[in-house]
Amino acid sequence: MRINNGRYIILMALIVFCHATGRCQDNAKSSLALINRIIPDQAASFIVEDLPAKEKADVFEIESRNNKIVLRGNNGVAVASALYYYLTHFCHCQITWNGTNLNLPKPLPRIPERIHQSSPYPYRYYLNYCTFNYSMSWWGWERWEKEIDWMALHGINMPLAITGEEFTWYTVYKEMGFSDNDLQSFFSGPAYFSWFWMGNLDGWGGPLPVSWMKSHMLLQQKILQRERDLGMKPVLPAFTGHVPAAFKTKFPNARLKATNWKNGFEDTYILNPEDSLFAALGKKFLQTQSKLFGTNHLYSADTFNENEPPSDDTNYLAKLSERLYKSMEEADPQSVWVMQGWLFYSDRKFWKAPQIQALLNAVPNEHMILLDLAAEIEPVWKRTNAFYSKPWIWNMVHNFGGNISMFGRMDGVAAGPAAALHDPASGHLVGIGLTMEGIEQNPVLYELLTQQVWQNESVDLNKWLQFYTLNRYGILDSNLINAWETLRVTAYNGKTIRDGAESIVTGRPTFDSTTVWTRTKLNYPPKDFLPVWDYFIAAADKCKYSDGFQYDLVDITRQVLANYADSIHAKLVRAYRDKDRAAYKKYSDEFLQIITDMDSLLGTRKDFLLGQWISDARSFGNTLDEKALYERNARDLITLWGDANSPLHEYSCRQWSGLLNDFYKKRWEKFFEMTTGSLDSGKEFDQAAFGKWISNWEWQWVNKRTDYPLEPAGNSIEESIRLYRKYNIEIKSGY
């Protein structure tokens, strides 16, 4: 395929447009196809019927008829939600990223009377720009298809859809006369698109092959077609002013401003909205995007993501906002600007009430929706008069960086959305959503939040945790109920800390208890978590064939060992400061053994394999050079994040098998070797010199080529029990 093959582009655009306008859409066909993907052996037992279009809200119904289960909905998402309601409430099944129970009873349970559910939330938003890299960097269609089904089952109807957008920009700039050489330093590598799209960085991790742009343009078309077939309204990006550095040469009179994200990357360039080119470029971008991908008139735009505006003058901010919206309106009069409200949370020193109000009030209410991105942490709507009358969506951010840690605000998430819905001060609350930076962890939080899509009251956690436990493991067991009640008041109490604590294991080696991004403070005393391990081990024989139980037992065991490593670290620090070489050797060896055992444990589950992440990255390469580029991106994001001097190192750290032994353990081994040498020589250990050495070693690791296991090894239950027997008494006596 050639980039400028006009007939191909037009054909694909017509296909996408057809789906975007609903002309090719067949609700029953799409819904039946989803049922066949989810439960192929039982699909014949289900009938799909449409509900009248007169329904104002999304609605579904379920009933039994002639030994069949009838699922009705006013769109594919509603029908999929009806299916999931039936699977969870009548069959006690569950579908999560980390463990699935589809052990349906035979015969299928009948519905005693018709069930009718409607959603109080017109919009159910999903995804964060960061999710597309911290979790989705290397997804192909097979993985995306599963995720879209998960979205539909959980009621999502407003997903962010930014895959393949680099092709839109490539097309726009090539038509404007930019050469491939002009653009080479503009497009980032595939693991960094989120921050490229938000204007934080250019070029890092590149140069991006055109083959990637082509393949992901096609992938985006498949994603959007499936989402629209199911009745979703995807959110596509709009132009925010971010342009290539070569823009200065092509348009020397353009009003550009250099801006810097301050995380070790070079300046990026923003075109001033007052420049006439801004509106023209914004219009051209949306027109090109619509030809390629269609539109549902929802556009994401975040001008100042973690970048402070040049002025806090309210007139300036109002004009900027107005011009940005006008650039959307020029191309699409029905455009609705969907803005992440993260800037009002992350930079509250700048964004005071007058500045926020000026930015928002310049856009008509019906043409803007605000995302309260971290409402479960700090609801911005409460200090902005519900975003000054703009429609807004309550979101749970939950995870930062894709880190692995058992954490969440369970009680707050169970009560927050309904409390806002019924609060007279909440203004135009129009939705509920998930805006996590990374997924595929802590499945309980995501089941809990999406439970509320089809209800307007808060969740009674005392009842819901039993419901969750039965669906996840297939049995109601007192040990598991007790375990989840303990998890609720420990790992998931949501107190003290903003996001999940990391273990010192994944921190750059130091005698401090934390490093730059490795915050080890827990939101509970670690000894209070230990009964969870006892309860799960006690239930292991009953639940050993449950996929969800296997994942949870591994994750709980991992958390226990990660917490214990912090305790051993404190002991080896004391031994070093006391110059007790024997004790230092003892605790250093114990610390390294914990890492080894964690690696072995996590190797029993595909969820925790470094090898899959790197293999998926390499699979997109058509040449050895492309494969090497993608592997380097994959390694870098989860370790250094940038170059050897990156201030973001460890931000996206992962407790994964392969990474623990080959990266974290080797760093600690070098640290212990050098600090032991310091004890022997009597010289003070030079932490700064070590930091420089280790960062160079890390950069070498990022640029290595290594194959890691792609399949789990060992038995999750047996390995967890082995480690329980090895560590349980020792850990309990050590706290």
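All residue numbers in this chain count up from 1 along the given sequence. Keep in mind that the numbers below use all heavy atoms, side chains included, and drop hydrogens, waters and symmetry copies.
Within a 6.0 Å radius of NZ in K606, other residues, nucleotides and ligands contribute more than 12 heavy atoms. The 12-atom threshold is exceeded at NZ of K732, counting heavy atoms of other residues, nucleotides or ligands nearer than 6.0 Å. Within a 6.0 Å sphere centred on NZ of K527, other residues, nucleotides and ligands contribute 12 heavy atoms or fewer. Crowding of N67 atom CG: a count of heavy atoms from other residues, nucleotides or ligands under 6.0 Å not exceeding 12.
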request  = Give the C-alpha distance, both sets of side-chain angles, the deciding distance and a yes or no for side-chain hydrogen bond (donor to acceptor under 3.5 Å, both in side chains) between N27 and D50.
outcome  = CA-CA 7 Å; N27 179 32; D50 286 332; 2.5 Å; yes
task = List the steps and the verdict of side-chain contact (heavy atoms from CB on, under 4.5 Å) for I69 and I47.
result = CA-CA 6 Å; I69 308 299; I47 297 171; over 6 Å; no
request  = Evaluate the criterion salt bridge (Lys or Arg N to Asp or Glu O under 4.0 Å) for residue pair R226 and E147; output intermediate values, then yes/no.
outcome  = CA-CA 11 Å; R226 178 62 56 78; E147 193 69 13; over 6 Å; no
request  = List the steps, then state whether ring pair (Phe, Tyr, Trp, His ring centres under 6.0 Å) holds for F387 with H428.
outcome  = CA-CA 9 Å; F387 296 102; H428 299 296; over 10 Å; no
task = Show your reasoning for whether side-chain contact (heavy atoms from CB on, under 4.5 Å) applies to F529 and V560.
result = CA-CA 8 Å; F529 186 86; V560 169; 3.7 Å; yes
ask   = After noting the C-alpha distance and the side-chain angles of Y121 and V453, does the key distance pass the side-chain contact (heavy atoms from CB on, under 4.5 Å) rule?
value = CA-CA 7 Å; Y121 304 104; V453 165; 5.5 Å; no
message = Apply salt bridge (Lys or Arg N to Asp or Glu O under 4.0 Å) to residues E63 and R72 and explain how you reach the verdict.
response = CA-CA 9 Å; E63 67 176 333; R72 298 189 189 93; 2.4 Å; yes
message = Checking Y85 against W454 for the ring pair (Phe, Tyr, Trp, His ring centres under 6.0 Å) test, could you report, in this order, the C-alpha distance in whole Å, the side-chain angles of both residues, the deciding distance, and whether it holds?
response = CA-CA 10 Å; Y85 187 97; W454 298 97; 9.2 Å; no
task = Could you walk me through whether R488 and T486 pass the side-chain hydrogen bond (donor to acceptor under 3.5 Å, both in side chains) test, one step at a time?
result = CA-CA 5 Å; R488 176 183 175 182; T486 307; over 6 Å; no
message = One pair to check against side-chain hydrogen bond (donor to acceptor under 3.5 Å, both in side chains): Y134 and E440. What are the steps and the verdict?
response = CA-CA 10 Å; Y134 287 136; E440 300 180 321; over 6 Å; no
ask   = Yes or no on side-chain hydrogen bond (donor to acceptor under 3.5 Å, both in side chains) for D528 and T490, after CA distance, side-chain angles and deciding distance?
value = CA-CA 7 Å; D528 290 357; T490 54; over 6 Å; no
task = Apply the test ring pair (Phe, Tyr, Trp, His ring centres under 6.0 Å) to residues Y468 and W464: give CA-CA distance (whole Å), side-chain angles for both, the deciding distance (0.1 Å), then the verdict.
result = CA-CA 6 Å; Y468 176 83; W464 187 84; 5.2 Å; yes
task = Evaluate the salt bridge (Lys or Arg N to Asp or Glu O under 4.0 Å) criterion for residues D58 and R124: first the C-alpha distance (whole Å), next the side-chain angles of each, then the deciding distance (0.1 Å), finally the verdict.
result = CA-CA 11 Å; D58 278 357; R124 284 91 66 188; 2.9 Å; yes
request  = Could you check W150 against Y126 for ring pair (Phe, Tyr, Trp, His ring centres under 6.0 Å), going step by step and ending with a plain yes or no?
outcome  = CA-CA 11 Å; W150 184 94; Y126 186 55; 5.5 Å; yes
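Side-chain polar atoms of R722 and S720 form no donor-acceptor pair below 3.5 angstrom. Under 3.5 Å, the side chains of K495 and N523 contain no donor-acceptor pair of N or O atoms. Side-chain contact, Y564 with E730: a donor N or O sits under 3.5 Å from an acceptor N or O. For the 3.5 Å distance criterion, the side chains of W533 and T557 qualify, holding a donor opposite an acceptor. For the residue pair Y735/N563, the side-chain donor-acceptor check at 3.5 Å is not satisfied. Side-chain contact check for E447 and H154: at least one donor-acceptor pair (N or O, by modelled atom type) lies under 3.5 Å. Under the 3.5 Å distance criterion, with hydrogens and angles disregarded, a donor-acceptor pair is assigned to the side chains of R228 and N296. In this model, no donor atom of one side chain and acceptor atom of the other lie less than 3.5 Å apart for E61 and Q117. Donor-acceptor pairing under 3.5 Å is recorded for the side chains of S600 and E719.
Checking side-chain atoms of N128 against main-chain N and O of C130 turns up a donor-acceptor pair under 3.5 Å. Within the 3.5 Å criterion, the main-chain N or O of Y551 finds no donor-acceptor partner in the side chain of N98. Using a distance-only test at 3.5 Å, with no hydrogens or angles considered, no donor-acceptor pair links the side chain of H398 to the main chain of T435. Side chain of D566 to backbone of I504: a donor-acceptor contact under 3.5 angstrom is found. Although no hydrogens or angles enter the test, the distance criterion places a donor-acceptor pair under 3.5 Å between the side chain of S503 and the main chain of A562. No donor-acceptor distance shorter than 3.5 angstrom exists from the side chain of K382 to the backbone of S426, with no hydrogens or angles considered. Using a distance-only test at 3.5 Å, with no hydrogens or angles considered, no donor-acceptor pair links the side chain of S458 to the main chain of A419. Between the side chain of N385 and the backbone N or O of Y388, no donor-acceptor pair lies under 3.5 Å. For the pair N101 (side chain) and C93 (backbone), a donor-acceptor distance under 3.5 Å is absent. Y86 places a side-chain N or O within donor-acceptor distance of the main-chain N or O of P109, the cut-off being under 3.5 Å.
Proximity of I481 to Y535: side-chain heavy atoms (C-beta onward) are nowhere separated by under 4.5 Å. Within the 4.5 Å cutoff, no side-chain heavy atoms of Y345 are placed close to those of D372. Looking at Q452 and V413, their side chains come closer than 4.5 Å, going by heavy atoms from C-beta outward. R37 has its side chain within reach of E145: a pair of non-hydrogen atoms, C-beta onward, lies under 4.5 Å apart. At least one side-chain heavy atom of Y125 sits under 4.5 Å from a side-chain heavy atom of L371. Contact of the I62 side chain with the V70 side chain is not registered, since no non-hydrogen atoms from C-beta on lie closer than 4.5 Å.
The six-membered or imidazole ring of Y651 lies away from that of F400, with a centre-to-centre distance of 6.0 Å or more. In this structure, Y492 has its ring center at least 6.0 angstrom away from the ring center of F407. Ring centers of Y724 and F536: at least 6.0 Å apart, outside the cut-off. With ring centers used as reference points, W97 lies under 6.0 Å from Y446.
By the 6.0 Å and 45° rule, R725 does not stack over the aromatic ring of Y727.
Contact detail for A78 and V59: the closest heavy-atom pair is CB-O, 3.3 Å. Across all their heavy atoms, N74 and A57 have their closest contact at ND2-O, 3.6 Å. The two atoms that bring A539 and L480 nearest to each other are CB-CD2, 3.8 Å, heavy atoms only.
Exactly one residue among E502, Q441, Q559 makes a side-chain hydrogen bond (donor to acceptor under 3.5 Å, both in side chains) with Q655. That residue is E502. Applying salt bridge (Lys or Arg N to Asp or Glu O under 4.0 Å) to R605 and the options D552, D555, D547 leaves one that passes, D547.
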